[in-house]
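Encoded as C-alpha cells, the structure appears first; notes follow it.
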Amino acid sequence: MECPACGSDNQEDSQFCRRCGVPFSVSVTQVTSSTSHEMDASVQEETNWVTIPEDAFVTQQSQWAYMLYAIPALVLFGVSLAVDFFTFGIVPLAVTFYIVGSRYWSFKKTAYILTEKYLVIFEGSLFGQKRIDLPFANLNNFLVHPGMFGKFLGYTGVRLQLVDQQMIVLQYVPISSPLLEQLRVRMNPDSFHQ
C-alpha cells in the first residue's frame with residue numbers, strides 16, 4: 001500500500017504509514033491541505049523521523065477517548081431538542097456534531113508505537129496530527145495513573161518523565177495493551193513507580 005502523503009511503500013494491512021505516520025483511514029485532502037511554507041517545514045522534519053518497523057507495537061487509544069465526550073453531548077442534544085424552540089435544533093446539532101466529531105477524529109489519529117529504541121507518539125486533533133519521536137534514552141521514569149473512571153472502563157493515563165524533567169502524557173491507553181508491559185521492559189526496573 002502506498003502512502004497518500006509521502007509515497008512510501010507499506011504493508012497492505014498497515015494502519016499507519018511507517019515513514020510519516022499518517023493513518024490510512026484519513027483522506028488525502030486532509031493530509032495534504034498545507035501551505036507551501038508548512039510543507040517545506042514538514043519535509044525538513046521528515047528527514048529526522050524514525051522509520052517504524054513492521055513488527056513495532058502499535059497501541060491506539062481506548063474507545064472511551066471519544067465516548068466519554070460523545071455520550072453526554074448526545075444526552076444534552078436530546079434534552080435541548082425538547083426545549084429549543086428558536087433554532088429548531090440546528091444550534092444543538094452543530095455543537096454536538098463538533099464535540100463528537102472532533103473527539104472521534106482525535107481518537108482515530110492518535111497512536112503510540114513502540115520500536116526497539118523509540119516511542120513514537122502520534123497525537124491527533126481535528127485539524128491534523130503531531131508526531132513525537134522519543135528515544136528511550138531520554139526517558140527517566142513513567143507513572144501509570146488511571147484517573148477517575150479508568151479503573152472501571154479499562155484505560156489508564158501514562159505520564160512519561162524525561163531526563164530534562166519535562167512530562168509527556170499518553171491518554172486513554174487500554175490497560176490490556178502491550179504498551180505498558182513493553183515500557184516496563186525497556187525502562188530500568190529500579191526507576192519504575194506506579
Side-chain angles (χ1 to χ4, degrees), residues 1-28 30-32 34 38-66 103-145 155-188 191-192:
M1 173 184 300
E2 184 175 311
C3 175
C6 70
S8 66
D9 195 30
N10 293 277
Q11 286 186 339
E12 289 299 319
D13 60 346
S14 297
Q15 295 175 345
F16 292 88
C17 175
R18 293 183 325 144
R19 184 163 184 241
C20 69
V22 170
F24 289 128
S25 61
V26 177
S27 68
V28 178
Q30 290 174 320
V31 173
T32 59
S34 302
E38 290 172 348
M39 289 170 55
D40 292 340
S42 68
V43 169
Q44 290 173 354
E45 289 176 18
E46 234 177 84
T47 58
N48 297 331
W49 287 346
V50 174
T51 301
I52 300 170
E54 296 297 329
D55 62 345
F57 291 101
V58 178
T59 301
Q60 292 186 299
Q61 288 183 324
S62 166
Q63 291 185 351
W64 291 105
Y66 73 93
R103 292 304 301 183
Y104 182 75
W105 278 108
S106 175
F107 156 74
K108 288 299 280 184
K109 295 178 187 178
T110 300
Y112 311 121
I113 302 172
L114 282 170
T115 66
E116 188 65 34
K117 297 181 180 180
Y118 285 86
L119 172 62
V120 180
I121 303 167
F122 292 105
E123 292 179 346
S125 70
L126 182 62
F127 301 109
Q129 186 180 51
K130 182 171 85 170
R131 177 176 175 164
I132 301 170
D133 290 354
L134 182 63
F136 286 112
N138 288 355
L139 285 177
N140 186 31
N141 194 4
F142 76 97
L143 303 168
V144 176
H145 182 69
Y155 68 84
T156 188
V158 180
R159 295 179 184 163
L160 304 172
Q161 182 183 24
L162 305 181
V163 174
D164 61 0
Q165 302 304 316
Q166 291 184 8
M167 296 289 280
I168 296 177
V169 179
L170 310 180
Q171 299 179 344
Y172 301 103
V173 176
I175 292 174
S176 61
S177 163
L179 177 75
L180 300 175
E181 185 58 35
Q182 291 299 320
L183 277 174
R184 286 185 184 104
V185 168
R186 287 170 170 78
M187 293 287 294
N188 180 357
S191 68
F192 176 68

In the structure I gave you, are the side-chain heavy atoms of [X] and [Y] within less than 4.5 Å of one another anywhere?
X      : Y      : result
Phe136 : Leu183 : yes
Leu119 : Ile113 : no
Val120 : Ile52  : yes
Thr115 : Asp55  : no
Tyr155 : Val173 : no
Val58  : Leu114 : no

Verify, without hydrogens or angle tests, whether [X] (side chain) and [Y] (backbone) share a donor-acceptor contact under 3.5 angstrom.
X      : Y      : result
Asp133 : Val50  : yes
Lys130 : Glu123 : no
Ser106 : Gly124 : yes
Ser62  : Pro174 : no
Gln129 : Lys109 : yes

Checklist entry - Taking it one step at a time, do Arg131 and Ile121 satisfy side-chain contact (heavy atoms from CB on, under 4.5 Å)? => result CA-CA 6 Å; Arg131 177 176 175 164; Ile121 303 167; over 6 Å; no
If you measure from [atom1] on [X] to [atom2] on [Y], what distance do you get to the nearest 0.5 Å?
X      : Y      : atom1 : atom2 : answer
Arg184 : Leu179 : CZ    : CG    : 10.0 Å
Tyr118 : Asn138 : OH    : CG    : 8.5 Å
Leu180 : Phe142 : CG    : CZ    : 6.5 Å
Gln182 : Glu116 : CD    : CD    : 9.0 Å

Distance-only donor-acceptor hits, side chain of residues 158-166, under 3.5 Å, sequence neighbours excluded:
{"residue": "Gln161", "atom": "NE2", "partner": "Gln165", "partner atom": "OE1", "Å": "2.6"}
{"residue": "Asp164", "atom": "OD1", "partner": "Gln166", "partner atom": "N", "Å": "3.2"}

Item to check | Pair Thr59-Ser177, side-chain hydrogen bond (donor to acceptor under 3.5 Å, both in side chains): steps then yes or no | outcome: CA-CA 7 Å; Thr59 301; Ser177 163; 3.0 Å; yes
Checklist entry - With sequence neighbours excluded, what pairs up with Tyr112 under the ring pair (Phe, Tyr, Trp, His ring centres under 6.0 Å) test? => result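 Ring pair (Phe, Tyr, Trp, His ring centres under 6.0 Å) check on Tyr112 returns nothing, list empty.
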Checklist entry - Relative to each other, are the rings of Tyr104 and Tyr66 parallel, tilted or perpendicular (30° and 60° limits)? => result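 Tyr104 vs Tyr66 ring planes: perpendicular.
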